[in-house]
Chemist: 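There's a structure below that I have some questions on.
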Protein chains: 2
Amino acid sequence: MTNLGYALLGMLADESRTGYDLAQLMKQQVGYFWSAKHSQIYPELARLESEGLVAFEVIEQQDRPHKKLYHITPAGLEILRNWVTTPAESAPVRDELILKAYCIWLAEPEKAIELFKQEELRHRQQLAHYEQLYIWGEENLQREQRSKHSSLFGKYLSLARGIGHEREYAEWCRWVIEQLEKPDFF
Amino acid sequence: MTNLGYALLGMLADESRTGYDLAQLMKQQVGYFWSAKHSQIYPELARLESEGLVAFEVIEQQDRPHKKLYHITPAGLEILRNWVTTPAESAPVRDELILKAYCIWLAEPEKAIELFKQEELRHRQQLAHYEQLYIWGEENLQREQRSKHSSLFGKYLSLARGIGHEREYAEWCRWVIEQLEKPDFF
DNA sequence: CCTAACATGTAATCGGTTACATGATTCT
DNA sequence: AGAATCATGTAACCGATTACATGTTAGG
């Protein structure tokens, strides 16, 4: 099983979806921590189906093309449940901006400041976006949905991580700018 | 040019190194934000050499196999300098633990707590490691090396990012545990 | 004797992106 | 007339990992 497979099972555990729906979700919500293009999703769904972890029914539509609505099977739910609490394997980090930071001693400080100002702005904007989603969610949250067994719970945990991550990243950018603005010897 | 190419140029801008040395560096320092195995490094060095961005001299050694000591060329330094301050392209995030967090509503809370306790510990240990490196660096830092134009400057910026990242990650794990320990309705 | 460190490469495979391919409907 | 959304697929390519391959010396 691949991580993409688990990601798809996770989305289908919440509700039945088409390949197209799954690809859309990966441009929103889920895309903040896992993503894939439709060209990867369709073959992976076919693979999951061949292993009996998902199944689909063809929905015929007038005025729209037909679609395959996938749902998770009991076997799929079982391996997903088993996976969620097993330790995650640590993937190597590859962050282009930190790589640039490592080499920044070669650059003119003014240009470096400009770069980090742009990056800070980018992360502040993403932070504001996440915070807005968080507020909207809080407002519409019913009492019975405030359960560890509601799929909304998972959405909150992941959104909170996004907020913390973007805030921390933006603050590092700011700190880097401060270091670059300091005179060389003091 | 690939990011790996720039990473190698960045390491060679600091000082001349062999492919073996570069692979070792990517298990330490540089590996915290960019990594590659020797099987990827050797062909990439050959490619950089064919494009005139690096060059090497063969060092014959008694009692050790011969080695190729690579150094950056003026052309290599130029494209590296040009790259460092150009905006970084944002790569999609793929974090297995956040994916698990998203699906955690399917798990038994006790098992979920165990998972996040393990993960918190892992990040606290990595944080302690980074902080130790930071302290050692501070201690041995000479006045003339406290310049934006010293390669140590880049090492500090990247190390600071590692510290911030691990601290924030560990704190999120702790917060998740708190959410999981709360009674469902309160 | 076996393992670790030094030292350099190639081949097979895999996960993911980009591009190719098709086709209907709705909105501007 | 053209773009956007819905809807599903395949093919080529690329970056990265794992495994294959070789050979020396030092140390437990």
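Convention: sequence-line order gives letters A, B, ...; per-chain numbering from 1.
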Chemist: Once side-chain hydrogen bond (donor to acceptor under 3.5 Å, both in side chains) is applied, do any residues pair with E131(A), and if so which ones, sequence neighbours excluded?
Modeler: R167(A)
Chemist: Give the cluster check for M1(A) versus M11(A): same hydrophobic cluster or not, with ILVMFWY residues linked at side-chain heavy-atom distances below 4.5 Å.
Modeler: yes
Chemist: Going by heavy atoms closer than 4.0 Å, what residues in residues 85-97 of chain B are next to DNA chain C?
Modeler: P92(B), R94(B)
Chemist: Taking 5' to 3' order, which nucleotide of DNA chain D is first and which is last to have an atom within less than 4.0 Å of a heavy atom in chain B?
Modeler: dG15(D) to dA26(D)
Chemist: Nearest whole Å is fine: how far is dG15(C) P from L48(A) CG?
Modeler: 12 Å
Chemist: State whether a side-chain donor-acceptor pair under 3.5 Å links Y6(A) with E96(B).
Modeler: no
Chemist: Output every pair passing ring-ring contact (aromatic ring centres under 6.0 Å, His included) with a member in residues 45-74 of chain A, not counting sequence neighbours, ordered by first then second residue.
Modeler: F56(A)-Y70(A)
Chemist: Under the side-chain hydrogen bond (donor to acceptor under 3.5 Å, both in side chains) test, which residues partner T86(A), sequence neighbours left out?
Modeler: K100(B)
Chemist: Heavy-atom count check: over 12 atoms from other residues, nucleotides or ligands less than 6.0 Å from E181(B) CD?
Modeler: yes
Chemist: Please tabulate, for the side chains in residues 158-166 of chain B, all donor-acceptor contacts under 3.5 angstrom to protein atoms that are two or more places apart in sequence or on a different chain.
Modeler:
unit_1  : atom_1 : unit_2  : atom_2 : d
S158(B) : OG     : G154(B) : O      : 3.1
S158(B) : OG     : K155(B) : O      : 3.0
R161(B) : NH1    : E168(A) : OE1    : 2.2
E166(B) : OE1    : H123(B) : ND1    : 2.5

Chemist: Would you say Q61(B) reaches dA7(C)'s phosphate, i.e. side-chain N/O to OP1/OP2 under 4.0 Å?
Modeler: yes
Chemist: According to side-chain contact (heavy atoms from CB on, under 4.5 Å), who are the partners of E110(A), at least two apart in sequence or on a separate chain?
Modeler: E108(A)
Chemist: Could you say whether R64(A) or L69(B) is positioned toward the 5' end of DNA chain C, judged by the nucleotide with the nearest heavy atom to each?
Modeler: L69(B)
Chemist: Is there a ring pair (Phe, Tyr, Trp, His ring centres under 6.0 Å) between W175(B) and F116(B)? Walk through the geometry before answering.
Modeler: CA-CA 10 Å; W175(B) 176 82; F116(B) 279 88; 9.9 Å; no
Chemist: Can you sort out the partners of Q40(B) under side-chain hydrogen bond (donor to acceptor under 3.5 Å, both in side chains), two or more places apart, ordered by chain and number?
Modeler: none
Chemist: Please list residues of residues 31-44 of chain B whose heavy atoms come under 4.0 Å from any atom in DNA chain C, ordered by number; otherwise none.
Modeler: H38(B), S39(B), Y42(B)
Chemist: Considering only residues two or more places apart or on different chains, which pairs with a residue in residues 19-33 of chain B satisfy salt bridge (Lys or Arg N to Asp or Glu O under 4.0 Å)?
Modeler: none
Chemist: Could you say whether Q62(A) or L4(A) is positioned toward the 5' end of DNA chain C, judged by the nucleotide with the nearest heavy atom to each?
Modeler: L4(A)
Chemist: Which whole-number value in Å describes the distance from M1(A) CE to dC14(C) C1'?
Modeler: 15 Å
Chemist: Hey, are E44(B) and R47(B) close enough for a salt bridge, meaning a charged N less than 4.0 Å from a carboxylate O?
Modeler: yes
Chemist: Could you list by number each residue of residues 13-30 of chain B showing a heavy-atom separation from DNA chain C of less than 4.0 Å, or answer none if no residue does?
Modeler: T18(B), G19(B), Y20(B)
Chemist: Tell me which pairs pass salt bridge (Lys or Arg N to Asp or Glu O under 4.0 Å) where either residue lies in residues 66-76 of chain A, with sequence neighbours left out.
Modeler: none
